[in-house]
Structures are given as structure tokens and as C-alpha cells.
Amino acid sequence: MPSSQSDWDAKHRLVAEAPPSEPASIVRELLPLLPVGPALDIACGTGRHALFLASRGQHVTAVDFSGVALDILEARARGMGAPVRRREASMKLGGLFAADSR
């Protein structure tokens, strides 16, 4: 498993041209139980869950350590016409709230 930001960026570059992965089955199973409203996708990667929720009309904030992953997510969301707010941040203590957002 990648450990540094550059390792994660390299991993995500490899899948940039591939279609987005399907949401995890548990997300689909639990979806009827979730309220429709703002969603936060932490460690979102290229955004399989963020895109799925945004396609339902939910306002999604997607957070990840990899700017490359967020760039891929942003391009896919724009292509779907489903806006997703991105936030690049480390999951280390204070990282989520100290990072700049776009």
C-alpha cells in the first residue's frame, strides 16, 4: 500500500483514464437508510462514492491526501455535471482543518 503522497499520486495516475470504480456494495445497500443531504467523503481517492452521491443530487465534500486523485475526481464530476467540493488534506491530526480548499 502506498505510504507517501507521491506514491498515492502515482497510484492514482495509473487509473486516471479508466472508468470510475463502482461504489462498494455496502454503500448501495445502506443508501436507502441514509438521509439525502450534505455528504462528506473522507479519503475519497478518485471519488467512486463522492460521484455516486453527487449523481443523486447530494452536496458532496470530498477529502483526500492526493491532489492527483482530487483532480481526477473533479474532472469526472464536471463531466457528469455533478459538482463536488474538493479538499486536499492529510488525515493527520489537524490536517483536515488546516489545509486549503478549492
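Since the model is a prediction, treat every value here as computed from it, not as a measurement.
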Exercise. Do D64 and R87 sit within salt-bridge range, that is, some charged N less than 4.0 Å from a carboxylate O?
Worked result: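 No salt bridge links D64 with R87.
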
For this session: Output the distance between atom CZ (R76) and atom CG (L51), rounded to the nearest 0.5 Å.
Result: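 Rounded to the nearest 0.5 Å, the CZ-CG separation comes out at 7.0 Å.
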
For this session: Kindly compute the distance separating CG (L31) from CD1 (I26), expressed to the nearest 0.5 Å.
Result: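 Spacing of CG (L31) from CD1 (I26) equals 12.0 Å.
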
Problem set entry | D7 side chain to S4 side chain, donor-acceptor N/O pair below 3.5 angstrom |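 Result is yes, a qualifying pair exists.
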
Over all heavy atoms of both residues, which pair between [X] and [Y] is shortest? Give the atoms and the distance, please.
| X | Y | value |
| --- | --- | --- |
| S55 | M80 | CB-CE, 3.6 Å |
| F65 | Q5 | O-NE2, 2.8 Å |
| A62 | C44 | CB-SG, 3.6 Å |
| A82 | A54 | CB-CB, 3.8 Å |
| G47 | L73 | CA-CD1, 3.8 Å |

Exercise. When you look at W8 and V68, which way does the side chain to side chain contact (heavy atoms under 4.5 Å, CB included) test go after all the steps?
Worked result: CA-CA 8 Å; W8 280 108; V68 170; over 6 Å; no

For this session: Spell out, yes or no, whether I42 and I72 are grouped together once hydrophobic residues are joined by side-chain heavy atoms under 4.5 Å, including indirect joins.
Result: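 Per the 4.5 Å side-chain linkage, I42 and I72 are not co-clustered.
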
For this session: Scan V60, T61, L70, L53 and name whichever one has a side chain to side chain contact (heavy atoms under 4.5 Å, CB included) with V84.
Result: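 Output: one option passes, namely V60.
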
[X] (side chain) donor-acceptor with [Y] (main chain) under 3.5 angstrom:
| X | Y | answer |
| --- | --- | --- |
| R48 | E22 | yes |
| H49 | A24 | yes |
| Q58 | G37 | yes |

